[in-house]
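Written below as structure tokens is the structure these notes are about.
So that the names make sense, note that chain A is the first sequence line, chain B the second, and so on, each numbered from 1.
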Protein chains: 2
Amino acid sequence: MQLRALRYFVTLAREEHFARAADICGVAQPTLSSALNSLETQLGKRLVERDRRYIGLTEEGRAMLPWAQQLLAAHEAMVHAVEALGGPLRGEFRLGAIPAAMPSVGQFTQALLRQHPGMTLSVRSQTSREIMRAIEAFEIDAGVTYLDHESPSNVISVPLYAERYVFVTAEAGTQRESGAVSWQEVARHPLCLLHQGMQNRRILDGLLDAHGLSATPRATADSYIALLAMVQSGGLATVMPERYVDLIEGTDWAHVRPLAMDAAISRIGLVVGDRGPLDPVAAAALNCARRIAGESMRD
Amino acid sequence: MQLRALRYFVTLAREEHFARAADICGVAQPTLSSALNSLETQLGKRLVERDRRYIGLTEEGRAMLPWAQQLLAAHEAMVHAVEALGGPLRGEFRLGAIPAAMPSVGQFTQALLRQHPGMTLSVRSQTSREIMRAIEAFEIDAGVTYLDHESPSNVISVPLYAERYVFVTAEAGTQRESGAVSWQEVARHPLCLLHQGMQNRRILDGLLDAHGLSATPRATADSYIALLAMVQSGGLATVMPERYVDLIEGTDWAHVRPLAMDAAISRIGLVVGDRGPLDPVAAAALNCARRIAGESMRD
DNA sequence: AGGAGTGATAGAAGGTATCTATCGAAAGCT
DNA sequence: AGCTTTCGATAGATACCTTCTATCACTCCT
């Protein structure tokens, strides 16, 4: 049984399309077809349901998939473990991050890239749930997400910072109060917030609820950029993670005031999967995160 | 990179001998040599130090070994996961057990074999430490060992029973007291016990120590069979796990009395590794263990 | 010096993976 | 309906990889 065939299988299960999967794997479509065929012959079971088109995995295929993923991940980690001894790491580092943490990944990734010049980086925006699933499925090497909410499986985590929120309004006339703003005041404004169901919105709702308030936003979106655009032009206000302030600092329209954070604040950190020995890539990420966390503490 | 070559590499690392490893893998020695060579060429690193004889793994080889083991274990589990859907499990189940639990594995293995007729069994006697190491290295599928002492890594465990001890003497004359025997009385007898350093002996020493006593055995051995033989013929007494009683019950020489167990008793149970999805073989073992534990409770 | 033991090398045979080119069925569009 | 597009399977050729047997080169032991 060949690793190659397993890679085809896993890619096919993800792409649900023979030619596309073959293309991603860098082989011709018949190659993937025949590899899958011999895999199925060797196991004596059909793995992929198909009749002219891809239909889906069989029961056996579904049972096999997570093991195949683990196997391929172990293979990559093995290669990394061997290569890492002779110098800096190479290859692609796949990082998932929740939108709320996106502005802060720069610091982390910069440190990582500086320390490992041969490494390339691929950052994707995902929900906290997706990040956990992707770590489970070996689709990303690490994630930046909430530490205290969902952490179901075997992961190692390093706290990076505690999330604080700020209240952003467009500058309206000359009134320019500063100092912390209360949740009551927030609730009085016409707001635009993230869509319900996004983790960050759930946290925000929880914070409001703790003060006996509830949010009825005039607009919702799935990105902070969209929220900021609406604030800038629409007269709405929003609440967003402190880390986004850096992006709009110095603009002439944004008026940022910290929010009183009395309740428990959400910790955000780096998480990597923890199965078996530690992948050197993951180890490098953890190191960087620990260093950054140390620096942040000193701030 | 082929799984075959990795299997050769792992076997070679264990056997430390090219021809022997090749034989175990069922191939000719040059096959193993050349497979190792191409593995090393592909990785660009030497994995095995050798000059006419096997010397040892290089640094890269040592870094690679645990990953290769995990990879092969994932492969086996994957095959099992696919085969298990179409009927009963097949293949060899490798079980490690501490000597103290050896008499009780029969119950467990019988249930396992009955439920999975296609399965073969390989039981080996190991220390509790060896069992943990072997689970770590994927050399056994499960272990029967102490639950509360060393459980360092990711394992799932199911308690089977609590270990109790009995005091065994050869029948001396007509005196045949029954009822529990005190630790003080035990300490007065000339004893034969397991070697110092074996976990069971450590527990025993701990129990004695808790009563302000200490054991100064006249003889030590590394097997309960040897201890029983010495009791039978040499006028010594010994302390051994209750489960061994079944073996000598009905003989005309053995005099068995329970020991007063006031202190914490050691739990013995089944442990399996826990990395990624659950190997159906391990799942089957856990099921059997849980059923047996349930039955024991009802006793 | 001779023999046993250990691993590397050479050359041939067989198997496996891959490619290009093509087919055949289904779905979609006019 | 008729045409085109899409998707996966099949065929045949080629290159590569694995494995075997036979043998060599070296070391260690007696």
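Residue A:Ser33 has no polar side-chain atom (N or O) positioned under 4.0 Å from OP1 or OP2 of D:dG8. For A:Arg20 and D:dC7, the shortest distance from a side-chain N or O to OP1 or OP2 is not below 4.0 Å. Dashed line: the shortest gap from a side-chain N or O of A:Tyr8 to OP1 or OP2 of C:dT18 is under 4.0 Å. Between B:Arg4 and D:dT19, a side-chain N or O to OP1/OP2 separation shorter than 4.0 Å is present. When the side-chain nitrogen and oxygen atoms of B:His17 are compared with OP1 and OP2 of C:dG7, one or more of them lie within a distance under 4.0 Å. Close to C:dA8, at under 4.0 Å from its OP1 or OP2, lies a side-chain N or O of B:Arg50.
Regarding A:Asn37, its CG atom lies at a distance of 17 Å from the C1' atom of C:dG15, rounded to whole Å. Atom pair A:Glu16:CD and D:dT6:C1' shows a separation of 17 Å (rounding to whole Å applied). For A:Phe18 and C:dG24, the CZ to C1' distance is 16 Å, given to the nearest whole Å. Between the CD atom of A:Gln42 and the P atom of C:dT16 there is a distance of 8 Å, given to the nearest Å. Going from atom CG of B:Leu32 over to atom C1' of C:dT9 covers 15 Å, rounded to whole Å. Across the protein-nucleic acid pair, B:Asp51 atom CG and D:dA25 atom C1' stand 13 Å apart, rounded to whole Å. Rounded to whole Å, atom P of D:dT18 lies 12 Å from atom CG of B:Leu6. A:Glu15 places its CD atom 15 Å from the C1' atom of D:dC7, with the value rounded to the nearest Å.
When distances run from any side-chain atom of B:Ser38 to the nucleotides C:dC19, D:dT18, C:dT9, the shortest one goes to D:dT18. For B:Pro30, the side-chain atoms get nearest to D:dA22 when compared with the rest of C:dT20, C:dA17, D:dA22. Among D:dA9, C:dA17, D:dT18, the nucleotide with an atom closest to any side-chain atom of A:Gln2 is C:dA17. Nearest nucleotide to the side chain of B:Tyr54, out of C:dG7, D:dA9, D:dC20: C:dG7.
As judged by a 4.0 angstrom heavy-atom cut-off over every strand, B:Ala19 is placed among residues touching the sugar-phosphate backbone only.
With hydrogens and angles left out, the side chain of A:Gln29 and the base of D:dA9 share a donor-acceptor pair within 3.5 Å.
The pair B:Glu59-B:Arg46 fails the salt-bridge criterion, with no side-chain N (NZ, NE, NH1 or NH2) lying under 4.0 Å from an Asp/Glu carboxylate O.
If you take OG on B:Ser34 and CG on B:Leu32, they are separated by 8.5 Å, rounding to the nearest 0.5 Å. The distance from the CZ atom of A:Arg7 to the CG atom of A:Leu71 is 10.0 Å, given to the nearest 0.5 Å. Of the inter-residue distances, the one linking B:Arg129 atom CZ with B:Thr145 atom OG1 reads 10.5 Å to the nearest 0.5 angstrom.
Put simply, the side chain of B:Arg275 never gets that close to the backbone of A:Arg275: no donor and acceptor are under 3.5 Å apart.
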